[in-house]
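Read the structure below first, then the notes.
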Number of protein chains: 2
Amino acid sequence: MGRKEKNEQQREGIRQMILKEAKNLFLKDGYEATSMRKIAQGAGISPTTIYLYYKDKSDMAYALHKEGFKILGKQFMVLQSVENAFERLKAMGKIYLRFALENPDFYEIMFIMKEPIEFLSKQDTCEWEEGEQAFNSLLNTVADCKKEGFFKEMDERIVALNIWALVHGLCSLKLQGHLDHVAAAHLGEDMQRDVLDDAYNGLILMISSLR
Amino acid sequence: MGRKEKNEQQREGIRQMILKEAKNLFLKDGYEATSMRKIAQGAGISPTTIYLYYKDKSDMAYALHKEGFKILGKQFMVLQSVENAFERLKAMGKIYLRFALENPDFYEIMFIMKEPIEFLSKQDTCEWEEGEQAFNSLLNTVADCKKEGFFKEMDERIVALNIWALVHGLCSLKLQGHLDHVAAAHLGEDMQRDVLDDAYNGLILMISSLR
DNA sequence: TTTTTAAATTAACAGTGTTAATTATATTTG
DNA sequence: CAAATATAATTAACACTGTTAATTTAAAAA
């Protein structure tokens with residue numbers, strides 16, 4: 001009995017080791033450029049051994065996807081200490097934005113890449129738990145803002161969705177390289193540096209007048 | 001002399017034929033799933049012949065990227081007949097959204113994929129002409145709205161960027177599959193169908209009160 | 001008609017994700 | 001303890017991928 005438990009732990013240890021190597025490579029070279037063979041070499045095992053621990057490559061992408069949501073969730077923890085709902089909403093967006101800029105590869109796996117979501121669809125559970133939970137945090141905050149007089153006569157779900165879409169839009173345009181090109185053509189050099197912050201502050205300004 | 005001109009035309013003809021086949025496959029199976037060999041087979045030529053007409057695979061992605069912007073530009077043409085600036089802005093967003101939903105693969109090549117933008121960066125011209133032009137249309141419309149009393153005391157470039165980010169955010173969340181999961185968890189079945197329209201109408205409602 | 005030039009092709013390289021068959025390693029049983 | 005069994009890991013193999021270099025074919029010029 002004790003034997004088997006130890007075996008389970010050993011298995012988990014190898015699982016973790018593989019994921020650690022996959023993470024290093026994914027975050028360094030990106031998903032497509034990271035091959036199973038490279039991961040295996042880094043982990044000191046045979047390429048096909050990975051398939052004894054993960055179903056396929058997208059399975060590993062999903063594992064990192066989950067890890068990313070854990071990190072983001074931890075960063076959201078500080079929001080609990082923010083009493084004022086609107087301040088909390090503002091801080092939430094800032095954290096989200098900062099997370100995307102500081103962890104672009106995690107962000108890509110979490111919100112841009114199709115693979116992790118497709119992996120979910122291929123599995124029995126067709127629920128995107130991580131995303132739904134994160135969206136719920138936003139939804140609750142928006143609902144709290146409504147109680148304080150914001151977003152009158154608007155569906156809080158629609159408001160939350162729009163805010164998410166806006167911030168995600170900024171992040172993805174930035175990370176995919178589109179934003180820089182447009183910024184270079186339409187904004188002064190001084191403004192280019194902090195386009196994202198400027199845009200976000202503009203958003204806050206707009207929302208602020210929606211009392 | 002005449003000979004050479006005819007040759008140039010022949011070359012262009014083959015170029016078009018290759019691109020046509022690439023387009024079919026890209027729009028059917030996606031960029032990654034489309035191989036040079038499949039394109040060549042469809043065009044009835046040898047795989048390596050493609051490299052006599054296009055630098056590499058990302059070059060063809062960029063060619064389709066340009067084609068997509070031509071289509072979108074044509075659909076934007078009707079906006080010229082809309083006198084009222086705010087109505088024009090509303091219509092612009094609707095056209096953009098519809099284009100994304102009706103041409104998801106074009107949209108992906110134009111606004112999500114890194115390859116076309118990266119191809120630009122590798123070339124001498126580091127300008128994203130198509131994107132900048134499209135953004136300019138939006139920028140002018142926002143500026144016109146400002147003259148009519150909207151977006152007071154706000155930088156029109158910031159407003160335009162936020163609107164683009166919001167609509168793009170909705171489109172990309174929808175196309176990558178994230179939106180459907182969240183909608184399934186938080187919205188009733190009746191609302192799921194037209195989440196995008198509902199969200200966009202919500203946006204218009206919010207902006208409308210920004211006079 | 002021969003020479004030159006350009007276009008298209010085949011062969012080849014160095015990889016990719018993944019499955020099936022095989023070997024090595026523990027674990028359990030006689 | 002030795003033999004049989006179960007499991008973990010490996011090698012071999014498949015059917016691909018984008019791309020380059022060398023070679024052949026076709027057309028134009030001399």
Side-chain angles (χ1 to χ4, degrees), chain A residues 1-19 21-23 25-26 28-64 109 113-116 118-119 122-123, chain B residues 1-19 21-23 25-26 28-64 109 113-116 118-119 122-123:
Chain A
M1 227 210 277
R3 294 278 148 74
K4 203 171 185 190
E5 277 176 37
K6 203 198 164 192
N7 260 1
E8 285 280 312
Q9 265 184 267
Q10 270 182 313
R11 270 191 72 84
E12 192 53 39
I14 297 175
R15 247 185 91 92
Q16 289 294 333
M17 191 187 62
I18 293 172
L19 192 64
E21 194 58 39
K23 180 176 150 191
L25 291 169
F26 279 155
K28 190 162 71 73
D29 307 325
Y31 179 77
E32 297 289 347
T34 303
S35 74
M36 301 299 257
R37 285 167 176 84
K38 281 181 197 165
I39 296 169
Q41 193 171 21
I45 56 173
S46 175
T48 50
T49 304
I50 298 173
Y51 289 87
L52 301 172
Y53 296 89
Y54 292 95
K55 211 186 172 192
D56 54 23
K57 204 182 171 187
S58 74
D59 193 354
M60 305 182 63
Y62 179 66
L64 289 174
I109 295 177
M113 276 174 48
K114 281 179 174 168
E115 281 84 355
E118 281 172 351
F119 177 78
K122 306 260 169 183
Q123 301 296 106
Chain B
M1 225 207 279
R3 293 278 148 73
K4 204 172 185 190
E5 277 176 37
K6 202 198 164 192
N7 259 2
E8 284 279 312
Q9 264 184 268
Q10 270 182 317
R11 271 191 72 83
E12 192 53 38
I14 297 176
R15 247 184 92 91
Q16 290 293 334
M17 191 187 62
I18 293 172
L19 191 64
E21 194 58 38
K23 180 176 150 191
L25 290 170
F26 278 155
K28 189 162 72 74
D29 306 326
Y31 178 76
E32 297 288 347
T34 303
S35 73
M36 301 300 258
R37 285 166 176 84
K38 281 180 197 163
I39 296 170
Q41 192 171 22
I45 56 172
S46 174
T48 50
T49 304
I50 298 173
Y51 290 87
L52 301 173
Y53 296 89
Y54 291 94
K55 210 186 172 192
D56 55 22
K57 204 182 171 187
S58 73
D59 192 354
M60 305 181 63
Y62 179 65
L64 288 175
I109 294 177
M113 276 174 47
K114 280 178 175 170
E115 281 84 356
E118 281 172 351
F119 176 77
K122 306 260 170 186
Q123 302 296 106

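Letters go in sequence order (proteins before strands), and every chain restarts at 1. Worth saying up front: this structure is predicted, and the values here are computed from it rather than measured.
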Problem - Rounded distance [0.5 Å steps], NZ in Lys55(B) versus CD in Gln123(B) - result: 4.5 Å
Fill in the blank from the handout: Between the CG atom in Leu64(B) and the CG atom in Asp59(B), the distance rounded to the nearest 0.5 Å is 10.0 Å
Fill in the blank from the handout: Heavy-atom closest pair (Ile109(A) atom, Pro116(A) atom, distance to 0.1 Å) is O-CG, 3.3 Å
Handout entry: Partner set under side chain to side chain donor-acceptor pair (under 3.5 Å) for Ser58(A), not counting sequence neighbours
Key = Asp56(A)
Exercise for the section: Write down the distance between OH (Tyr51(B)) and P (dA7(C)), rounded to a whole number of angstrom. Expected result: 19 Å
Problem - Side-chain heavy atoms of Glu21(A) within contact of Met60(A), under 4.5 Å - result: no
Exercise for the section: Count the heavy atoms belonging to other residues, nucleotides or ligands that lie under 6.0 Å from CD of Glu32(B), then report whether that count exceeds 12. Expected result: yes
Problem - End-to-end axis angle, where each axis spans five pairs of the helix from dT1(C)-dA30(D) to dG30(C)-dC1(D), to 10° - result: 30°
Practice task
For Lys55(A) and dG17(C), give me the distance from atom NZ to atom C1', rounded to whole Å.
Solution key: 15 Å
Problem - Pairing residues for Glu118(B) by the side chain to side chain donor-acceptor pair (under 3.5 Å) criterion, not counting sequence neighbours - result: none
Practice task
Give the B/S/- string for nucleotides 20-25 of chain C, one per nucleotide from 5' to 3', where a protein heavy atom under 4.0 Å of the base yields B, of only the sugar-phosphate yields S, and otherwise -.
Solution key: ------
Practice task
Please list residues of residues 31-39 of chain A whose heavy atoms come under 4.0 Å from any atom in DNA chain C, ordered by number; otherwise none.
Solution key: Thr34(A), Ser35(A), Met36(A), Arg37(A), Lys38(A)
Practice task
Quick one: list whatever passes salt bridge (Lys or Arg N to Asp or Glu O under 4.0 Å) with Lys57(B), sequence neighbours left out.
Solution key: none
Practice task
For Asp29(A), enumerate each residue passing the side chain to side chain donor-acceptor pair (under 3.5 Å) test, keeping only those at least two apart in sequence or located in another chain.
Solution key: none
Please write out the pairs of protein N or O atoms and N or O atoms of nucleotides 7-9 of chain D separated by less than 3.5 Å, giving the distance to one decimal.
from	atom 1	to	atom 2	distance (Å)
dA9(D)	OP2	Tyr53(A)	OH	2.5

Practice task
Give, ordered by number, those residues of residues 57-64 of chain A having at least one heavy-atom distance below 4.0 Å to an atom of DNA chain C; if nothing qualifies, reply none.
Solution key: Lys57(A)
Fill in the blank from the handout: Separation of dT17(D) atom C1' from Asp29(B) atom CG, nearest Å, is 15 Å
Residues 42-54 of chain B side chain polar contacts: donor-acceptor under 3.5 Å, at least two apart:
from	atom 1	to	atom 2	distance (Å)
Thr49(B)	OG1	Ser46(B)	O	3.3
Tyr54(B)	OH	Arg15(B)	O	3.2

Practice task
Working to the nearest 0.5 Å, report the span between CE of Met113(A) and OH of Tyr31(A).
Solution key: 5.5 Å
Problem - Interatomic distance, Tyr54(B) OH vs dA7(C) C1' [rounded to whole Å] - result: 17 Å
Handout entry: Gap between atoms CD1 and C1', on Ile50(B) and dT10(C) respectively (whole Å)
Key = 15 Å
Handout entry: Rounded distance (Å) that lies between atom C1' of dT10(D) and atom CD of Gln41(A)
Key = 15 Å
Problem - Any residue meeting side chain to side chain donor-acceptor pair (under 3.5 Å) with Gln16(A), in chain and number order, not counting sequence neighbours - result: Glu12(A)
Exercise for the section: Taking side-chain contact (heavy atoms from CB on, under 4.5 Å) as the test, write out the residues that go with Lys38(B), two or more places apart. Expected result: Leu25(B), Ser35(B)
